[in-house]
Number of protein chains: 2
Amino acid sequence: MSDTDTAAWAALLRVHAALVPRIDRELQRRCGLPLTWYDVLLELNSAPGRRLSMGELGEVAVVSRTRASRVVDQLVAAGFVSRSSNPEDKRSAYAVITDEGRKVLRAAAPVYLAAIERFYTSHMSAAESRTVAAALEKVLAAGPHT
Amino acid sequence: MSDTDTAAWAALLRVHAALVPRIDRELQRRCGLPLTWYDVLLELNSAPGRRLSMGELGEVAVVSRTRASRVVDQLVAAGFVSRSSNPEDKRSAYAVITDEGRKVLRAAAPVYLAAIERFYTSHMSAAESRTVAAALEKVLAAGPHT
DNA sequence: AGTAACAATGTGCGTGCGCACGCACTTTCC
DNA sequence: GGAAAGTGCGTGCGCACGCACATTGTTACT
């Protein structure tokens, strides 16, 4: 357990704490879109058929399944998502992104990406960015166990 | 704005979402100590005089100043911290770690470090760990501006 | 077929969290 | 010296979040 290991963890906590509110504000101010909404819309948009069940959404998105269900409620109220039941399993409920939702997502994307670059990746080299991505993805790949 | 940049950001969000609850649970189960308490105690313990004003605590710790004030309330109730007023500025209130608090912190430290290694750094190489720490610290050093 | 285990949701509830505000005190400026 | 602006703190409030549970539907087993 080296010292840089704890430094790597502490830095991750601090960067998260500092940047998430900043980027969320930026997105909300310029697009009226909370970060959570963006995340959910992005996952729905890139999913096969542009739809996902609540369970799938909870797994793939950053939010929990429970939270995803409520965020979808809000997105439905805003007209960005519609619920549609799965004829093959009536327990499950699909969330489908609407055209309006895709429109808003396309409008927000450049703002989001610019914020990421401005607050985050512009402060590191391309090589560092690659290493960070690779290392963190390995952590994720390890899964809940171990 | 390359693709690995967004990957580095997305991975950070996911790692945070996955690991923080896990480590918090571990710490709470084995030491009865929430992660927030640990963070605050750690900062207090390594501060000059083992004490910090609320404003300083809010800046140095991961939590906000407001939150820090409430966490200190809990820590006082638990006997790990005591409040002490600053004679030179009667507005401010110092939080001082008690001997009991230091004891609990020393007991929790190995558990915390082991959890970080187990869930986080054991999945990357030492070189990656160094790069991650260095890159994220540069992001932090950039500060709230820009 | 019938029933018992299992799975996918949605929701009540408690907790964590930060913002906006007011109070007490300090500093600055006249 | 006195008023006005500024600073540090604690707290009321509302939102975000996840857990535990109830509900509804599915599957497996006899």
Side-chain angles (χ1 to χ4, degrees), chain A residues 13-14 16-29 32-40 51-78 81-96 144, chain B residues 13-14 16-29 32-40 51-78 81-96 144:
Chain A
L13 287 182
R14 286 171 154 69
H16 177 91
L19 263 52
V20 166
R22 238 180 270 172
I23 292 180
D24 186 82
R25 282 197 199 315
E26 178 89 1
L27 212 54
Q28 205 147 350
R29 185 175 60 85
L33 207 66
L35 184 54
T36 312
W37 288 24
Y38 184 92
D39 184 30
V40 167
R51 67 197 164 119
L52 244 38
S53 76
M54 292 304 148
E56 294 167 332
L57 191 54
E59 282 178 0
V60 68
V62 172
V63 300
S64 70
R65 182 196 63 79
T66 302
R67 184 67 196 146
S69 181
R70 298 195 203 264
V71 171
V72 166
D73 281 345
Q74 300 173 317
L75 289 170
V76 168
V81 163
S82 71
R83 283 183 192 274
S84 120
S85 66
N86 177 0
E88 296 178 0
D89 188 340
K90 290 179 185 169
R91 289 170 304 180
S92 71
Y94 281 130
V96 193
Chain B
L13 287 182
R14 287 175 204 290
H16 177 92
L19 263 52
V20 166
R22 239 180 269 171
I23 293 180
D24 186 81
R25 281 194 200 310
E26 180 88 0
L27 212 55
Q28 204 149 351
R29 184 175 61 82
L33 207 67
L35 184 53
T36 311
W37 289 23
Y38 184 91
D39 184 30
V40 167
R51 67 190 171 143
L52 243 39
S53 74
M54 292 304 147
E56 294 167 332
L57 191 53
E59 282 178 1
V60 67
V62 172
V63 300
S64 68
R65 182 195 62 82
T66 302
R67 185 65 195 148
S69 180
R70 297 195 203 266
V71 171
V72 166
D73 281 345
Q74 300 173 318
L75 289 170
V76 168
V81 162
S82 71
R83 284 183 190 274
S84 120
S85 66
N86 177 0
E88 295 179 1
D89 187 339
K90 290 179 184 168
R91 292 170 302 179
S92 72
Y94 281 128
V96 193

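A, B, ... follow the sequence lines: proteins, then strands. Residue 1 opens every chain.
Remark: P of dG10(C) and CG of L57(A) are 11 Å apart, rounded to the nearest angstrom. Computed from coordinates, the R83(A) CZ to dA8(C) C1' distance equals 12 Å when rounded to whole Å.
Contacts between residues 87-95 of chain B and DNA chain D, counted as heavy-atom distances below 4.0 Å, involve R91(B), S92(B), A93(B).
When DNA chain D is scanned in the 5' to 3' direction for atoms under 4.0 Å from non-hydrogen atoms of chain A, the outermost contacting nucleotides are dA16(D) to dT26(D).
Between S69(A) and dT9(C) there is no side-chain polar atom (N or O) within less than 4.0 angstrom of OP1 or OP2. Look at S53(A) and you'll find a side-chain N or O under 4.0 angstrom from OP1 or OP2 of dT9(C).
Rounding to the nearest 0.5 Å places CG of L19(A) at 11.5 Å from CG of D24(A). Considering OG of S69(B) and CD of Q74(B), their distance stands at 10.5 Å, rounded to 0.5 Å.
The two residues V20(B) and L35(B) have their closest heavy-atom pair at CG1-CD2, 4.1 Å. Looking at every heavy atom in both residues, A61(A) comes nearest to R14(B) through C-NH1, 4.1 Å.
Listed by first and then second residue, the salt bridge (charged side-chain N to carboxylate O under 4.0 Å, His left out) pairs that reach into residues 52-70 of chain A come to none, sequence neighbours excluded.
Nearer to the 5' terminus of DNA chain D, by closest-nucleotide assignment, is the contact made by M54(B) (compared with the other of V63(A) and M54(B)). Heavy-atom nearest nucleotides on DNA chain D were determined for T66(A) and for N86(A), and the one closer to the 5' end corresponds to T66(A).
Residues forming a ring-ring contact (aromatic ring centres under 6.0 Å, His included) with Y94(B) (at least two apart in sequence, or on another chain): none. Applying the side-chain contact (heavy atoms from CB on, under 4.5 Å) rule to S92(A) yields the partners N86(A), D89(A); only residues at least two apart in sequence or on another chain are considered. Under the side-chain contact (heavy atoms from CB on, under 4.5 Å) criterion, V76(B) pairs with V72(B), V81(B), R83(B), not counting sequence neighbours.
Residue side chain R65(A) reaches the base of dG10(C) through a donor-acceptor N/O pair under 3.5 Å, judged by distance alone.
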